[in-house]
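Notes to accompany the following structure.
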Amino acid sequence: MDLSRKFALTTLASACVLASLATSAQAATTVNLSYNGAPDADKNAVHVFATNLKELVAEKTDGEIELKLYPNSMLGEEQERMEQVMNSPSLNIASFAGMSPVVPEIFVSAIPFLFDDFASARTFFDEGEYWNNVETALRERTGAELLAVVEEGGFLAFTNDKKPISSPADFDGLRFRAMDPSQVALYEAFGASGTPIPWTEVYMALKTGVADGQMNPPMYIILGSLYEVQDYLTLANIQYSDQFLVGNGAMIDGWDEEMRANFMDAVAEANTMAREHNEAKVDDRIAYLEEQGMEVIRPSEEALNAFREQGQPAYLEWLSEQGIEQKWIDMALEDAGMTEMSE
């Protein structure tokens with residue numbers, strides 16, 4: 001073999017090796033995705049979203065981005081994980097506890113009885129002016145990008161172990177576990193009392209009578225085995241139960257246009273799949289709770305209106321006490337088709 005041909009073959013071989021190494025380097029790009037809850041698709045809707053996203057990102061980016069999943073808050077509690085996503089190339093699915101310290105206006109999206117069904121809630125977050133402004137505020141304040149609203153199990157329902165609740169009057173004298181002060185205000189509007197209790201302590205608080213009831217979507221009632229210590233389930237569509245996919249802005253800006261587009265396609269598709277999975281499971285979860293002995297109460301339209309008329313003003317007053325500017329409330333109510341509430 002002459003030297004020129006040998007050199008050409010060597011050069012070609014070297015180029016192939018370099019191309020292979022470059023591809024491997026791209027394939028090895030790993031992005032951490034952290035979130036709450038167990039890695040159990042039957043009990044954690046957020047995990048369903050995360051696993052779908054992992055597969056779709058790998059597929060749509062031809063393996064150039066690989067997500068590494070960290071369930072069960074393995075990388076820290078809510079605020080720690082938000083700091084990580086603000087300061088390093090990573091992704092996080094945050095709850096209100098993670099988002100509200102930097103964008104307290106997000107509490108506006110939890111106005112009780114704001115949505116009639118899944119479709120109206122999804123339109124609110126996917127197309128509304130209010131939510132677009134929340135996304136902008138987060139980016140301007142932290143550099144992080146708000147990428148998707150992730151359902152975590154449907155709408156919140158009331159449970160208790162004292163009596164069926166079918167109207168606001170039935171709350172009188174009951175004690176409820178609250179997730180945060182906003183829920184305390186809601187219970188008090190109905191004539192009950194509310195006490196903030198961490199999720200990890202809810203089961204024992206209900207079992208020992210520290211609280212008579214609580215509110216969560218059916219998925220969490222099953223996840224926490226709360227049906228063992230609660231007799232009544234009231235399906236009042238109190239609040240849409242959601243969390244928020246957040247990404248490091250510098251990381252996303254650093255991808256080329258095609259990479260960003262492929263990644264966002266994966267996010268959108270994973271979210272659609274998770275929403276379909278979640279909504280399809282709601283009736284099965286309610287049926288399961290009935291099988292476990294819970295009495296299910298489905299309030300009439302008149303009763304739901306009464307819940308709304310008592311609950312919303314109390315929550316709006318609480319928002320005002322937190323210093324939330326009225327413009328955020330007005331935008332959200334308009335997006336939800338409830339402009340008369342802001343008058």
Side-chain angles (χ1 to χ4, degrees), residues 45 94-96 99-100 103-138 146-158 167-168 179-187 189-190 215-218 234-246 268 271-272 274-276 278-279 282 298-343:
S95 74
F96 278 83
M99 291 285 290
S100 59
V103 189
E105 295 87 352
I106 201 170
F107 277 124
V108 175
S109 69
I111 292 172
F113 313 104
L114 192 61
F115 311 116
D116 291 329
D117 50 32
F118 281 108
S120 58
R122 292 163 182 168
T123 298
F124 177 90
F125 288 106
D126 293 347
E127 303 174 15
E129 180 187 4
Y130 156 78
W131 195 248
N132 183 62
N133 277 270
V134 170
E135 293 174 345
T136 300
L138 179 69
L146 186 46
L147 302 169
V149 175
V150 182
E151 289 178 2
E152 59 170 353
F155 285 85
L156 276 65
F158 296 116
S167 71
M179 181 175 64
D180 56 45
S182 71
Q183 289 189 352
V184 173
L186 180 62
Y187 290 129
F190 297 143
M215 61 179 178
N216 258 305
T234 300
L235 304 176
N237 279 17
I238 310 159
Q239 292 168 321
Y240 178 74
S241 181
D242 53 4
Q243 295 190 32
F244 314 98
L245 177 66
V246 183
N271 212 15
T272 297
R275 286 174 171 182
E276 291 173 352
N278 179 55
E279 189 170 0
V282 170
R298 294 173 172 84
S300 65
E301 190 62 35
E302 181 180 357
L304 290 175
N305 286 334
F307 280 125
R308 185 180 296 111
E309 289 169 5
Q310 284 189 228
Q312 282 186 344
Y315 192 90
L316 292 174
E317 182 179 350
W318 180 84
L319 289 173
S320 178
E321 291 170 354
Q322 307 313 303
I324 304 298
E325 291 184 69
Q326 185 64 36
K327 67 177 183 179
W328 292 92
I329 298 170
D330 292 342
M331 277 189 291
L333 292 175
E334 183 172 354
D335 289 345
M338 301 178 69
T339 52
E340 68 278 3
M341 284 292 298
S342 63
E343 297 174 356

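Keep in mind the model is a prediction, meaning the values are calculated, not measured. Counting from 1, the numbers follow the sequence of the chain as shown.
Counting heavy atoms from C-beta outward, Ile106 and Trp131 have side chains that approach closer than 4.5 Å. Counting heavy atoms from C-beta on, the side chains of Met331 and Glu105 never come closer than 4.5 Å. Taking 4.5 Å as the limit, some side-chain heavy atom of Phe124 sits within range of a side-chain heavy atom of Leu114. Proximity of Leu304 to Asp116: side-chain heavy atoms (C-beta onward) are nowhere separated by under 4.5 Å. Counting heavy atoms from C-beta on, the side chains of Val282 and Phe155 never come closer than 4.5 Å. For the pair Ile238 and Phe113, the minimum side-chain heavy-atom distance is below 4.5 Å. Counting only heavy atoms from C-beta outward, the side chains of Leu138 and Met99 approach each other to under 4.5 Å. Counting only heavy atoms from C-beta outward, the side chains of Glu151 and Phe118 approach each other to under 4.5 Å.
If you check the side chains of Ser120 and Asp117, you find a donor sitting under 3.5 Å from an acceptor.
When atom types are taken as modelled, the side chain of Asp180 and the backbone of Gln183 share a donor-acceptor pair closer than 3.5 angstrom. Checking side-chain atoms of Ser320 against main-chain N and O of Leu316 turns up no donor-acceptor pair under 3.5 Å. Remark: the backbone N or O of Tyr130 is paired with a side-chain donor or acceptor of Asp335 at under 3.5 angstrom. The backbone N or O of Leu156 lies less than 3.5 Å from no partner atom in the side chain of Gln239, so there is not a single donor-acceptor pair.
Using bins of under 30°, 30° to 60° and over 60° for the plane-to-plane angle, the ring pair Phe125/Phe115 lands in the tilted bin. Aromatic ring pairs are classed by plane angle as parallel below 30°, tilted from 30° to 60° and perpendicular above 60°; the pair Phe307 and Phe158 is tilted.
In this structure, Ala185 and Ala314 approach most closely via the heavy-atom pair O-CB, 3.8 Å. Shown here for Pro218 and Gly153, the closest heavy-atom pair between the two residues is CD-O, 4.3 Å. Asn271 and Ala148 make their closest contact through ND2-CB, 3.9 Å (heavy atoms, listed as atom of the first residue, atom of the second, distance). Among all heavy-atom pairs drawn from Asn278 and Ala45, the shortest one is OD1-CB, 4.2 Å. Residues Val108 and Ile329 share a closest heavy-atom pair of CG1-CA, 3.9 Å.
With rounding to the nearest 0.5 angstrom, the CG atom of Leu319 is 11.0 Å from the CD atom of Gln312. A distance of 4.5 Å separates CG in Leu147 from CG in Leu245, rounded to the nearest 0.5 Å. Note that CG of Leu186 is 12.0 Å distant from CD1 of Ile111, once rounded to the nearest 0.5 Å. Taking CD of Gln326 as the reference point, atom CG of Leu333 lies at 8.0 Å (rounded to 0.5 Å). For the atom pair OG1 (Thr272) and CD (Glu276), the distance works out to 6.5 Å, reported to the nearest 0.5 Å. Here the straight-line distance linking atom CD of Gln322 with atom OG of Ser182 works out to 8.5 Å at 0.5 Å rounding.
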Legend entry - Test side chain to side chain donor-acceptor pair (under 3.5 Å) applied to Arg308 and Asn305, step by step: CA-CA 5 Å; Arg308 185 180 296 111; Asn305 286 334; 2.7 Å; yes
Legend entry - Stepwise side-chain contact (heavy atoms from CB on, under 4.5 Å) test for Asn133 and Lys327: CA-CA 11 Å; Asn133 277 270; Lys327 67 177 183 179; over 6 Å; no
Inset, instruction - Go through the steps to decide whether Val150 and Phe244 satisfy the test side-chain contact (heavy atoms from CB on, under 4.5 Å), and finish with yes or no. - result: CA-CA 6 Å; Val150 182; Phe244 314 98; over 6 Å; no
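A distance of 6.0 Å or more separates the ring centres of Phe107 and Tyr315.
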